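Computed from a predicted model, the values in this text were never measured in an experiment. Throughout, protein chains are lettered first and strands after them, A, B, ... in sequence-line order, and every chain is numbered starting at 1.
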Amino acid sequence: MADHVLQIEKLSKSFEGSQVFNNISFAVDQGELSSIIGPNGAGKTTLFNLMTGYHVPDSGRVVFMGKDIAGRQPYDIVRLGIARAFQRTNIFPRMSVLENLVSTVITKNRGNLNVVTPSAKLKSAHERSYEILESVGLADVAHRQSGTLAHGNQKRLDIAVALALEPQLLLLDEPTAGMSPEERWQTVELVQQLWENLKITMLFIEHDMDIVFKISQKVRVLCYRTLLAEGTPEEISSNEQVIEAYLGEEV
Amino acid sequence: MMVNARNSEASSGTARWLVGAVVVVALFALPFILSQLGRTGEYWIWVTTEMLIMALFAMSLNLILGYGGMVSFGHAAFFGVGAYTVALLMKKAGAPLVLALALAPVTAAIAAAVIGWFCVRLIGLYFAILTLAFGQLLYMVVFQWYTFTGGDDGIHGIPKPEILTPIAYYLLCLVLFLICFLVMRMIMNSSFGLTIRTIRENMERAKFIGVNVRRFQWYNFILAGAFAGLAGGLLCELNRFAQTEFLHWSKSAEPILASLVGGMYSLVGPAIGSAVLIFLKIIVQQAHPSLVETWAIFLGLILLVVVLFAPGGLVGLYQRLTGKSET
């Protein structure tokens, strides 16, 4: 019980009368690398939005490290230790790759109210930023305008920005979306590597079943407005309900 | 490769300082040269003083417009509050100019804090409309409150200290302009400025790196209001009157147009745009008095050309010609 980083308790949410979730509950263990799968429109991203303060649940609780964070402001939740990378790349496009990181590091350290020191001269923030860029393999392009990077690198940068927040819980929304098969596996490797090195809890949404089953310790299936199943990759891939509802016959 | 980039960055930095130094020296020398030209020169000293003041006003708006990505249609409110602060303090309370000018940005900042507190709750067009509404509300208050503000008569005959010759006042405005420029530059290059830019670039992402977006937009709005207040106070003393027109929404358009023409993504862009527009307006007027009526047409044409051919404004054009990228 104590080592649950996150507990979702009886969460319900509807938009304009159509219900996305009804009474969902599950818990994420400390240090776990787990995934959420489900058909399009099952509400996977909405679930992330509820965890990070973008949406307010109609009822239920989102308990993070013992605190109910449902309905708190996104910036508040970030400060408590949940960071996310987005499905559609979400960076600061007209700023350099380095500035994307530096601004995040400054915010993480609550240094935004410094109106005197030029941000380009904040040495420790730059060192930290380079460190993170190294870890995701973007140090070479640190001075490029981030909006001009290839899609795969923009997704990496999005992850790097989330990492700069030093989260307890990192949410990755389809980290490989829109990538070539080669890039996909590079990203998967990166995610796994980061997870091993940083020892943080990671929860990701993914469509590619090969990826899901390869790296998740636990898989959760969202379907029919509820959590259809939860278990190890083996359990999920042999779960008849899941096969019928989502995976199809071929798996 | 990276070393090269750093070197050229450093050399372009020195070049920029050099250009800046030359411009500053020229600006200090300008009134003394103009004063040799008799009555025309005196007129141009007055015009260049107004240019400096309106350039400050345009730069103040650009803190929220260009750096913050917030389009305000009500920035004249703070310009007007600054102007009326100076007018009322000097005319009715007999305060010295220095005190009045020092308090102009303070009262403007207070007005910006109150108005901004509501406005930053909205974004985009809704924000713009609300700033317009508050601006016009303030305009109506000043217009109607005859006993305090003089209504549409304005406040005239603001005292002028003996030592303030036109040249001295020009120099005062220039020094204040330069100080404000350096302070704004310092702030926009700082962590605060970087935070403001992240909000402009991607407001949603800024929230998700932990920025309290509304609060920082509010701070920036107050800052912009304070600088606008100083500009208003300076124009009030230059004209020796304050009038409701200073608060009118059409006054809010001036720094927006100046920013478009000069370029929004740099600090000097709006200042240059402002000076260029004032200069062109006078040229048009002097070409033939009847052309005063048609200034709007000229302005429209200028904007058309800028938007179609130089979306980054004059500064953007300069950067394109010299091959420097914008930041």
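- Looking only at heavy-atom pairs under 4.5 Å with chain B, the residue among Ile82(A), Asn112(A), Ile77(A), Val78(A) that has the most is Asn112(A).
- For a residue to count as touching a neighbouring chain, one of its non-hydrogen atoms must lie under 4.5 Å from one of that chain's; by this rule Asn100(A) does not touch chain B.
- With hydrogens and angles left out, the side-chain atoms of Ser60(B) and His75(B) include a donor and acceptor closer than 3.5 Å.
- For the pair Arg84(A) and Phe208(B), the cation sits on the ring face: its NZ or CZ lies under 6.0 Å from the ring centre, inside 45° of the axis.
- Your options are Lys121(A), Arg79(A), Met95(A), and the one with the most heavy-atom pairs under 4.5 Å with chain B is Met95(A).
- Using modelled atom types and a 3.5 Å distance limit, the side chains of Thr45(A) and Asp173(A) yield a donor-acceptor pair.
- Chosen from Val183(B), Val211(B), Ile187(B), the residue pairing most often with chain A at heavy-atom distances under 4.5 Å is Val211(B).
- Contact annotation for Ser103(A): both backbone and side-chain heavy atoms come within less than 4.5 Å of a heavy atom of chain B.
- A cation-pi arrangement is found for Arg94(A) relative to Tyr265(B), the charged atom lying closer than 6.0 Å to the ring centre and inside a 45° cone about the ring normal.
- The aromatic ring centres of Tyr67(B) and Phe192(B) sit 6.0 Å or more apart.
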